[in-house]
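The analysis underlying the following values was restricted to heavy atoms, covering all of them including side chains, and did not include hydrogens, waters or symmetry mates. Residue numbers start from 1 in every chain, and the chains themselves are labelled A, B, ... in the order their sequence lines are given, proteins ahead of strands.
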There are 2 protein chains.
Amino acid sequence: MSEITKTRIIDAAGEVFAEKGFEQATIREICKLADVNLAAINYHFGDKQKLYIEAVKSAHCEGEEDEPLLIPAEVPAEKKLYYFIEHMMTDMLDRESPTWHVELMMREMARPTLACSELVQSYIGPKFSILMSIIEEMVPATISLSKKHLLAFSVVGQCLLYRFHRPIGKLLIGDEEFESLFDVSYLADHICEFSLRGIQSISDSQEASS
Amino acid sequence: MSEITKTRIIDAAGEVFAEKGFEQATIREICKLADVNLAAINYHFGDKQKLYIEAVKSAHCEGEEDEPLLIPAEVPAEKKLYYFIEHMMTDMLDRESPTWHVELMMREMARPTLACSELVQSYIGPKFSILMSIIEEMVPATISLSKKHLLAFSVVGQCLLYRFHRPIGKLLIGDEEFESLFDVSYLADHICEFSLRGIQSISDSQEASS
DNA sequence: CATGAATTCAAACGTACGTTTGAAACGCAT
DNA sequence: ATGCGTTTCAAACGTACGTTTGAATTCATG
């Protein structure tokens, strides 16, 4: 029963894969970090690829419980939207050095591999469904599903920018200025207010045309 | 005078770097595509890294002239915003297989390397400035620069989502549904309308508090 | 304690990569 | 045609990688 070896390898692999990506990570570095022999990866997982998939799986199994997104049903939809955005931004940004679980999932989002579809199914999909149901509370029932998808994408697009294009942002407006914006609740406030009006706008124009 | 060799190499390099990224691209593949000898890269550029930087440079020098963004000064700011968004979306999405110039710049945005700062300075920066000046036409002068930056980020965040997270989108809502949304002017319409209200919202709340 | 399967280990294999080399081919002024 | 700097070429070098191997070790079970 050497499950402890397997988990040590997965932890080390998650860390290294998160930092360097699949191709740039080497099993030698992973094994050194896990303090196991080189051949252990082949023995326990088969090859590098299978280890990677296990690491991604582990990323969204362990990571999810961090602070689950539980939104009280009785609050108005506007407040739910704020909770959602704030939770998403916290997950992505609010750590000194984010745990490899998040980092690895973000990497998988940026450049999907085989492990991606499962990640979408068991992690991203459920979150997206929550957002969709919040949006559905705010728009008339007559609005088409496509329009609601666009609204959801507009919300998450604003959030993801700060995760995926941070270096560009710093180069664009300067390090200090950009970092000074980088307060989760400040950003969440902005995105939420911006989006609330946008959502109203679309549902207004839909009602007018129906 | 073997400038033609250099340009053949840069073209091939741009293509391969765009498709596979810096690390995954091999100079052997580049040389084969360019139909030059292996040693040509070292002779003309020094090493792989310097070739990459030259390729990125070339990407935003040649690529820029495609269809320059010229917005007539007399149209209302709302229309300027639409032009901007539509131009950005067209650049990023509206090609069967996008020219390597765009692809390479997008790759550099997703994971910046040494070549990034120059890309920001000479390509992204100017575009961002245009967006900022459009926003400045729409908000009261009293609004802070930070708030205007947030507004600009909200606009481009919505646009970039469709470029960088297309595979996720397809997995989330289904291939056909997602691709059916993928019409540049339809998306630009949505993002523009969504953003116009968002921008108004922020400037309203600013005026109320000032 | 003895036995056999499960696990670990050091070492090596084969391959692919970026880079270097030294000679050959070319272009061009004399 | 001769000589010389520039450019191309086939071949090799050194290194790092994923993977494999077969022996050594550990461990549970009888």
Around Glu137(B), counting heavy atoms of other residues, nucleotides and ligands shown, do more than 12 lie under 6.0 Å from its CD?
-> yes
Spacing of Ile4(B) atom CD1 relative to dC26(C) atom P, expressed in whole Å | 14 Å
Could you give the OH-to-C1' distance, from Tyr43(A) to dA10(C), as a whole number of Å?
-> 17 Å
Quick one: Phe45(B) CZ to dT19(C) C1', roughly how many Å, whole number?
-> 16 Å
According to a strict under-4.0 Å criterion, is Thr5(B) in side-chain N/O contact with OP1 or OP2 of dT8(D)?
-> yes
Measure the spacing between CD of Glu54(B) and CD1 of Ile41(B) and express it to the nearest 0.5 Å.
-> 12.5 Å
Could you tell me whether the side chain of Glu108(A) reaches within less than 4.5 Å of the side chain of Thr113(A), counting heavy atoms only?
-> yes
Would you check if the distance from the ring center of Phe153(A) to the ring center of His190(B) is below 6.0 Å?
-> no
Tell me: CD of Glu3(B) to P of dT6(D), nearest whole Å?
-> 14 Å
Residues of residues 10-42 of chain A with any non-hydrogen atom less than 4.0 angstrom from an atom of DNA chain C: list those, numerically ordered, please.
-> Arg28(A), Asn37(A), Ala39(A)
What is the distance from NZ of Lys48(A) to P of dT19(D), rounded to the nearest Å?
-> 8 Å
Rounded to the nearest Å, what distance is computed from the CG atom of residue Asp47(B) to the C1' atom of nucleotide dT19(C)?
-> 9 Å
Partner residues of Phe182(B) under the ring pair (Phe, Tyr, Trp, His ring centres under 6.0 Å) criterion, sequence neighbours left out | Phe178(B)
Are any of His44(B)'s side-chain N or O atoms less than 4.0 Å away from OP1 or OP2 of dT8(D)?
-> yes
Side chains of Trp100(B) and Asp11(B): closer than 4.5 Å at any heavy-atom pair?
-> yes
